[in-house]
Amino acid sequence: MSEIGRDLVAWYRAAHRDLPWRRTRDPWRILVAEIMLQQTRVQAVLPYYERFLARFPTPAALAEASPQEALAHWAGLGYYGRARHLQKAARRISAAGAFPADFDAIRGLPGVGDYTAAAVASIAFGLPYPVVDGNVLRVVARISNDPGDIASASTRKRFATVAGSWLDVSDPGTFNQALMELGATVCLPREPNCLLCPVAAHCAARAAGTQQELPVKLRRARAERLEHTLLRIERNGALLMWQQNDPAQRMYGFWELPYREQLPAARPGRLVGEFRHTITHHHYRFRVMTATVRETPEGFRWLTPEERQILPVSTIARKALGAVRRTAARS
DNA sequence: AAGCCGGGGAG
DNA sequence: CTCCCAGGCTT
């Protein structure tokens, strides 16, 4: 093993965080963790992980569940395509009778790309594949003092080769988690804590003083601003809502409050709440108004509080109802 | 290669 | 406000 690998693993054994998915080598539990952790912070995943696995402890359990229930257990975590892919993967694993045990078979599961396949292969099966996530890109860029744009495929391929050259083939899973743990807790994006770093002596950026400039990422996204009004229409304690039934649209499968434009015939009442919400590069400002309707509009349903507990309700709808409660409490 | 998908925390 | 997070899929 490389010196960097040895130092990283020794540091990791002494300093790593105790996280629930580090207490198992069950490939199903590892897979669920890795899917949940895609572009999602550890702190955000923690409340979901055990709850999800308590309900779906095996691939068969998720395979047999309704898509609605799977989605309801994912609601609030974001990137809902992951929940649909995971259920497809669960059905495939369940039908095969065993979890796929080599890299290519794991990589072939829906929702599993290069990162997730390497993570499951190394952590659950001890196979020697280096993971390359955002943490690893940052750590490699700094240790190598490499100014390549991490948005480009060629840079990612080069960095993967470097990470692979450090890999501890006797325990790839621990090495991979050590490299990511360093990025998550020490080699931070804005302010790397080089004084605590176990591999500072090997770090070319540290030597050159360029650690704050790395990694280089050229792509930039801009935010679009939008405004909408949602309607809170209540009847006998139930709320008028609709379900996003178009797979091509955002939030497919989720229940939403009516938008003002959807119900031109509704009679608006008073403003009862206001909140902001950001989805990728869309920055929304929502107003919430009470309203009344003469009859149930086509495509809408009255959802009781009990139904809203079980069904997948969008974060926007949850925020809207929360904003109403706070506004009502103040007035 | 670029665009898109959620949501929240840090600075 | 901007940036980023244990990324992957589609075009």
Side-chain angles (χ1 to χ4, degrees), chain A residues 12 16-17 19-22 30-49 71 74-86 88-89 106-124 129-139 149-157 160 163 173 175-185 187-191 212 215-225 244 247-254 275-284 312-319:
Chain A
Y12 177 80
H16 71 81
R17 293 169 292 175
L19 301 172
W21 44 89
R22 289 177 173 165
I30 303 293
L31 177 66
V32 170
E34 295 303 339
I35 300 283
M36 284 188 170
L37 287 162
Q38 288 169 2
Q39 288 291 285
T40 308
R41 296 172 187 280
V42 165
Q43 293 307 318
V45 169
L46 285 175
Y48 287 83
Y49 182 68
L71 203 52
W74 206 278
L77 196 53
Y79 287 125
Y80 300 103
R82 296 184 296 179
R84 293 190 291 276
H85 289 143
L86 183 58
K88 283 184 189 169
I106 298 167
R107 175 68 175 78
L109 293 171
V112 175
D114 288 336
Y115 164 76
T116 304
V120 174
S122 65
I123 297 168
Y129 294 89
V131 296
V132 181
D133 71 334
N135 289 309
V136 174
L137 290 174
R138 185 169 60 254
V139 172
D149 174 17
I150 59 170
S152 91
S154 63
T155 301
R156 287 167 179 261
K157 189 174 176 185
F175 168 83
N176 279 334
Q177 295 193 76
L179 194 52
M180 292 189 284
E181 186 79 346
L182 187 76
T185 63
C187 196
L188 302 171
R190 297 170 192 274
E191 197 114 4
Q212 307 263 19
V216 173
K217 190 176 191 175
L218 297 180
R219 254 178 52 240
R220 286 278 188 278
R222 68 279 165 258
E224 188 179 347
R225 282 160 174 74
Q244 177 54 265
Q249 296 295 314
R250 263 198 303 267
M251 306 300 294
Y252 171 58
F254 278 88
F275 67 98
R276 298 172 185 281
H277 185 69
T278 301
I279 298 178
T280 313
H281 55 272
H282 298 276
H283 191 51
Y284 295 94
V313 173
S314 76
T315 297
I316 287 173
R318 290 172 195 271
K319 281 189 178 179

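Atom set for the values below is all heavy atoms of this structure, side chains included, hydrogens, waters and symmetry mates excluded. To find a chain, count down the sequence lines: A is the first, B the second, and so on, and within it residues start at 1.
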Rounded distance (Å) that lies between atom [atom2] of [N] and atom [atom1] of [X]:
X: A:I35; N: C:dG7; atom1: CD1; atom2: P; value: 11 Å
X: A:E34; N: C:dG7; atom1: CD; atom2: C1'; value: 11 Å
X: A:M180; N: C:dC4; atom1: CE; atom2: C1'; value: 16 Å
X: A:I150; N: C:dC3; atom1: CD1; atom2: C1'; value: 12 Å
X: A:L86; N: C:dG7; atom1: CG; atom2: C1'; value: 14 Å

Identify whether any heavy atom of [X] sits under 4.0 Å from a base atom; if not, whether one sits that close to sugar-phosphate; answer base, sugar-phosphate or nothing.
X: A:D114; answer: sugar-phosphate
X: A:A151; answer: nothing
X: A:W74; answer: nothing
X: A:V45; answer: nothing

A:Q177 and A:R22: side-chain donor and acceptor closer than 3.5 Å?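 Yes.
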Tell me which nucleotide among [options] gets nearest to the side chain of [X].
X: A:H85; options: C:dC9, C:dC4, C:dG7; answer: C:dC9
X: A:E181; options: C:dC4, C:dC9, C:dA6; answer: C:dA6
X: A:R138; options: C:dC5, C:dA6, C:dC9; answer: C:dC5

Using the test side-chain contact (heavy atoms from CB on, under 4.5 Å), find all partners of A:A184 that sit at least two apart in sequence or belong to another chain.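 Once residues adjacent in sequence are excluded, the partners of A:A184 under the side-chain contact (heavy atoms from CB on, under 4.5 Å) criterion are A:R17, A:N135.
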Considering residues at least two apart in sequence or located in another chain, which fulfil the side-chain contact (heavy atoms from CB on, under 4.5 Å) criterion with A:A178? A:L8, A:Y12
Taking only the side-chain nitrogens and oxygens of A:T116, find out if one of them lies under 4.0 Å from OP1 or OP2 of C:dG8.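 Result: yes.
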Would you measure the distance from the [atom1] atom in [N] across to the matching atom in [M] and give it in whole Å?
N: B:dG3; M: C:dC3; atom1: P; value: 16 Å
N: B:dG8; M: C:dC9; atom1: P; value: 24 Å
N: B:dG11; M: C:dA6; atom1: C1'; value: 22 Å

Ignoring hydrogens and geometry, is there a side-chain-to-backbone donor-acceptor pair from A:R138 to A:C187 under 3.5 Å?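 Such a contact is found between A:R138 side chain and A:C187 backbone.
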Kindly compute the distance separating CD1 (A:I150) from OG1 (A:T155), expressed to the nearest 0.5 Å.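 The CD1 atom of A:I150 sits 8.5 Å away from the OG1 atom of A:T155.
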How far does NE2 of A:H85 sit from CD1 of A:I35, to the nearest 0.5 angstrom?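 It is 9.0 Å, given to the nearest 0.5 Å.
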Across nucleotides 4-11 of chain B, 5' to 3', mark each nucleotide with B, S or - according to how protein heavy atoms within less than 4.0 Å reach it. SBBBBB-S
Of A:P110 and A:R22, the one whose closest DNA chain C nucleotide lies more 5': A:R22
Kindly indicate, with the supporting measurements, whether the criterion side-chain contact (heavy atoms from CB on, under 4.5 Å) is fulfilled by A:V112 and A:I106. CA-CA 7 Å; A:V112 175; A:I106 298 167; 4.2 Å; yes
